Trainee: 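Below you will find the structure I want to go over with you.
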Amino acid sequence: MAESKSNPLTQELYDYVLAHNPPLDPVQRELVETTHTALADVAGLQVAEEQGPLLAFLVRLTGARHIVEVGTFTGLSTLSMAEALPPGGRVIACDVSEEWTAYGRTAWAKAGVADRVDLRIAPALDTLRGMPEEPHIDLAFLDADKENYIPYWEELVPRMRQGGLVVVDNVLFHGQVPDPAATGPAASIRAFNDHVVADGRMESVLVTIADGLTLSRKR
């Protein structure tokens, strides 16, 4: 039986991790604080602080120019990726909330990257299905309603270029995914994880970053 080599993530150790990652810039920091102040009841929907620098790193590593984000919330992940884009790059950000994404619009403008973000307020499946069908997406970030993860995946994967990267958040769903009796979103994530493992179009790894992150490369 495999044994975990992960250390328990105490607050002290988490603070150490953040201190040894690229710091959030002033606009990113302000957006985090604004989200936790103005939307305290749902602020947990924001990506973990260490995920912003990771997403920016992946954008630069892959040379991504065409990014699709499914689930924007207040736009921290969008901001992190947009700032890392080369000239001419773009993030198509899919969400259904004008209220939540308004905070993102303000932050993107402050950071000078509003012209790199194409925010589309509509059901994400409709937005994805309206995109060109040929492979053209360099990087996709999926962090939306868990019940639709498999349909989102099935719209994204055929549109990914060879070598393109799909990054999926919350694949451990608060530690509930090992339970065969899981219900609701946890059951949806269980089914999604099995779906990904069986998908021969992609090369995937699941890592224990934040609430679980899957990195999947188009073969």
Side-chain angles (χ1 to χ4, degrees), residues 21-22 24-25 27-28 47-48 50-73 75-95 101 104-105 107-108 111-144 148-171 192-193 195-197 199-207 209-210 212-219:
N21 268 333
L24 300 187
D25 64 37
V27 178
Q28 293 172 342
V47 295
E50 68 272 23
Q51 287 177 290
L54 174 61
L55 288 169
F57 180 85
L58 292 173
V59 171
R60 297 188 183 101
L61 182 67
T62 60
R65 299 178 62 87
H66 190 171
I67 298 172
V68 174
E69 176 182 64
V70 181
T72 296
F73 188 45
L76 178 60
S77 52
T78 328
L79 176 59
S80 301
M81 292 188 291
E83 290 183 326
L85 279 169
R90 183 174 66 160
V91 180
I92 296 177
C94 306
D95 208 282
T101 56
R105 288 183 188 273
W108 306 331
V113 296
D115 61 332
R116 303 181 188 180
V117 180
D118 179 1
L119 177 62
R120 302 189 184 181
I121 301 295
L125 282 173
D126 293 345
T127 299
L128 295 175
R129 288 167 180 162
M131 292 180 181
E133 294 184 0
E134 68 269 12
H136 64 284
I137 302 171
D138 300 316
L139 188 148
F141 180 52
L142 175 53
D143 183 19
N148 277 317
Y149 264 30
I150 291 177
Y152 292 143
W153 176 267
E154 285 303 319
E155 295 299 330
L156 285 167
V157 168
R159 293 172 169 86
M160 302 303 299
R161 66 163 174 82
Q162 186 176 13
L165 185 66
V166 182
V167 182
V168 187
D169 201 10
N170 301 120
V171 293
F192 171 77
N193 291 339
H195 188 79
V196 170
V197 167
D199 193 335
R201 299 170 295 180
M202 307 292 285
E203 176 187 8
S204 304
V205 294
L206 191 161
V207 293
I209 295 171
L213 204 65
T214 288
L215 305 175
S216 190
R217 176 181 177 273
K218 182 74 171 287
R219 294 185 189 274

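Since the structure is predicted, the reported quantities are computational estimates derived from the model, not experimental observations.
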Trainee: I would like to know whether Val167 and Leu142 meet side-chain contact (heavy atoms from CB on, under 4.5 Å); could you show each step before the answer?
Mentor: CA-CA 6 Å; Val167 182; Leu142 175 53; over 6 Å; no

Trainee: Do Leu139 and Met81 come close enough that some side-chain heavy atom pair is under 4.5 Å?
Mentor: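 Side chain of Leu139 against side chain of Met81, heavy atoms only: contact under 4.5 Å found.
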
Trainee: Any non-hydrogen side-chain atom of Gln28 less than 4.5 Å from a side-chain atom of Ser80?
Mentor: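 SC-SC contact between Gln28 and Ser80 confirmed.
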
Trainee: Pairs of donor and acceptor atoms involving the side chains of residues 88-95, under 3.5 Å and at least two apart or interchain, shall be tabulated with distances.
Mentor:
{"unit_1": "Arg90", "atom_1": "NH1", "unit_2": "Asp118", "atom_2": "OD2", "d": "3.4"}
{"unit_1": "Asp95", "atom_1": "OD1", "unit_2": "Ser97", "atom_2": "N", "d": "3.0"}
{"unit_1": "Asp95", "atom_1": "OD2", "unit_2": "Thr72", "atom_2": "N", "d": "2.8"}
{"unit_1": "Asp95", "atom_1": "OD2", "unit_2": "Phe73", "atom_2": "N", "d": "3.0"}

Trainee: Compare all side-chain heavy atoms of Leu125 with those of Tyr152 and state whether any distance is below 4.5 angstrom.
Mentor: yes

Trainee: Which atom pair, heavy atoms only, marks the closest approach of Val27 to Ala107?
Mentor: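 Taking every non-hydrogen atom into account, CG1-O, 3.4 Å.
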
Trainee: Report the residues that fulfil salt bridge (charged side-chain N to carboxylate O under 4.0 Å, His left out) with Glu155, sequence neighbours left out, ordered by chain and then residue number.
Mentor: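 Partners of Glu155 under the salt bridge (charged side-chain N to carboxylate O under 4.0 Å, His left out) test: Arg129, Arg159.
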
Trainee: Considering all heavy atoms of both residues, which atom of Trp153 and which atom of Ser204 are nearest to each other, and what is their separation?
Mentor: CH2-OG, 4.4 Å

Trainee: Return the set of residues passing salt bridge (charged side-chain N to carboxylate O under 4.0 Å, His left out) with Arg217 (not counting sequence neighbours), or none when no residue passes.
Mentor: Glu203

Trainee: In this structure, are over 12 heavy atoms from other groups packed under 6.0 Å from Glu134 atom CD?
Mentor: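 Yes, the 6.0 Å shell around CD holds more than 12 heavy atoms from other groups.
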
Trainee: I'd like to check the salt bridge (charged side-chain N to carboxylate O under 4.0 Å, His left out) partners of Arg161; sequence neighbours left out, ordered by chain and number.
Mentor: Asp138

Trainee: Under the ring pair (Phe, Tyr, Trp, His ring centres under 6.0 Å) test, which residues partner Tyr149, sequence neighbours left out?
Mentor: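 Residues passing ring pair (Phe, Tyr, Trp, His ring centres under 6.0 Å) with Tyr149: Phe192.
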
Trainee: Any chance you could measure Leu213, atom CG, to Leu54, atom CG, to the nearest 0.5 Å?
Mentor: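 Rounded to the nearest 0.5 Å, the CG-CG separation comes out at 6.5 Å.
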
Trainee: Among residues two or more places apart or on two chains, list those pairs meeting salt bridge (charged side-chain N to carboxylate O under 4.0 Å, His left out) that have a residue in residues 62-72.
Mentor: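 Sorted pair list comes back empty.
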
